[in-house]
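In what follows, a structure is listed as structure tokens, so that the remarks can point back to it.
First listed ligand is number 1; within each ligand, the first listed atom is number 1. Every heavy atom of this structure was used, including side-chain atoms; hydrogens, water molecules and symmetry mates were not.
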Amino acid sequence: MSDIVQTAPRPKIIIATRNFHKTAEIRAMIGAAADVFDVLAFPELPEIEETGRTFLENARLKAIGISREIDGWVLADDSGLEVDVLDGAPGVISSSYGGIEGDHARNCFYLIEKMQGHSQRSARFCCTMVLAKNGEEVAHFFGTVEGHLLDHMSGQGGFGYDPLFVPEGYSESFAELGDEVKNQLSHRARALAQVVIYLRSIGLLK
Ligand code: IMP
């Protein structure tokens, strides 16, 4: 008799992003339960323009757009920072707020400038995740983390506005707190926790 035990292949989830920080965070949170790739592994996939007015619209565009081109489960996240005193800005334009797409340091300096003279410094990171398959949305999920903004950048970890953002209940920025803490309480962690519950409920994840 053979001792070989057949194990089910691990599910494959494609993350509709070219931001390797996001992929690394999501991979760390999903752990060994699935094989997580991002679209950098599939150079033939189209670049999806984020023309939506909300995080949900943008996440839908990315998840549905990529899942039309590829077999399997696609997860897209759209996220950003909302600052109360700036009426929710930078919001969906978080990644290009300072004028150059993806220039995180410039975005932070621009936000520091915009916040000068404001004592009301509450803000939140928001994340919307959309799960799609065969070109159709299957489900969507939201996560937020409340906090406040520093008037200077502090810390080397993370990305984006992490050096400016102090989550509620802490006195250091996300960039100082490091990945382990951030991955437990971030907007992305909270949205992803719901994704994982959903994928377990349909039997895709153990
Ligand atoms: P997206 O790639 O269109 O979702 O844009 C996300 C942008 O929001 C990033 O480029 C950052 O500026 C900001 N952002 C989203 N999540 C985070 C985070 O966890 N830390 C810091 N900045 C973030």
Would you mind checking which non-hydrogen protein atom is closest to [atom], with the distance to 0.1 Å?
| atom | value |
| --- | --- |
| atom 10 (O) of ligand 1 | S95 CB, 3.1 Å |
| atom 20 (N) of ligand 1 | D162 OD1, 2.7 Å |
| atom 4 (O) of ligand 1 | K22 NZ, 2.6 Å |
| atom 3 (O) of ligand 1 | E50 OE1, 2.9 Å |
| atom 16 (N) of ligand 1 | H187 NE2, 3.1 Å |

Is it true that [X] lies under 4.0 Å from ligand 1, counting heavy atoms only?
| X | value |
| --- | --- |
| N19 | no |
| D78 | yes |
| H21 | no |

Just to be sure I'm reading this right: ignoring hydrogens, which of [options] gets closest to [atom]? Compare them by their nearest heavy atoms.
| atom | options | result |
| --- | --- | --- |
| atom 8 (O) of ligand 1 | S94, P163, G52, P90 | S94 |
| atom 5 (O) of ligand 1 | A76, S79, G80 | S79 |
| atom 11 (C) of ligand 1 | F174, F125, Y161 | Y161 |

Atoms of ligand 1 less than 4.0 Å from [X] heavy atoms?
| X | answer |
| --- | --- |
| H104 | 10 (O) |
| G160 | 21 (C), 22 (N) |
| K182 | 18 (C), 19 (O), 20 (N) |

Looking only at distances, please establish whether an N/O atom of ligand 1 is found under 3.5 Å from an N/O atom of R188.
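Yes, at least one N or O pair falls under 3.5 Å.
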
Does [Y] offer a backbone N or O that forms a donor-acceptor pair with the side chain of [X] under 3.5 Å?
| X | Y | answer |
| --- | --- | --- |
| N107 | S95 | yes |
| E57 | R53 | yes |
| E136 | I64 | no |

Who are the side-chain hydrogen bond (donor to acceptor under 3.5 Å, both in side chains) partners of D38, not counting sequence neighbours?
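For D38 the side-chain hydrogen bond (donor to acceptor under 3.5 Å, both in side chains) partners, ignoring immediate neighbours, are T23.
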
Side chains of T128 and D78 only: does a donor on one sit below 3.5 Å from an acceptor on the other?
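Not at all, the side chains of T128 and D78 share no donor-acceptor pair under 3.5 Å.
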
Distance-only side-chain donor-acceptor flag, R190 / T144, under 3.5 Å:
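Short answer, no.
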
Does T17 reach the side chain of L40, with side-chain heavy atoms less than 4.5 Å apart?
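They are not in side-chain contact.
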
Quick one: are L192 and L75 in side-chain contact, heavy atoms under 4.5 Å?
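Yes; the side chains approach each other to less than 4.5 Å.
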
Indicate the ring-plane relationship of F159 and H21, choosing parallel, tilted or perpendicular according to the 30° and 60° boundaries.
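Geometry flag for H21 against F159: parallel rings.
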
Structural part of F159 in contact with ligand 1, heavy atom criterion under 4.0 angstrom
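The part of F159 near ligand 1 is both the backbone and the side chain.
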
Partner set under side chain to side chain contact (heavy atoms under 4.5 Å, CB included) for S67, not counting sequence neighbours:
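For S67, the residues satisfying side chain to side chain contact (heavy atoms under 4.5 Å, CB included) (neighbours in sequence not counted) are V74, A132.
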
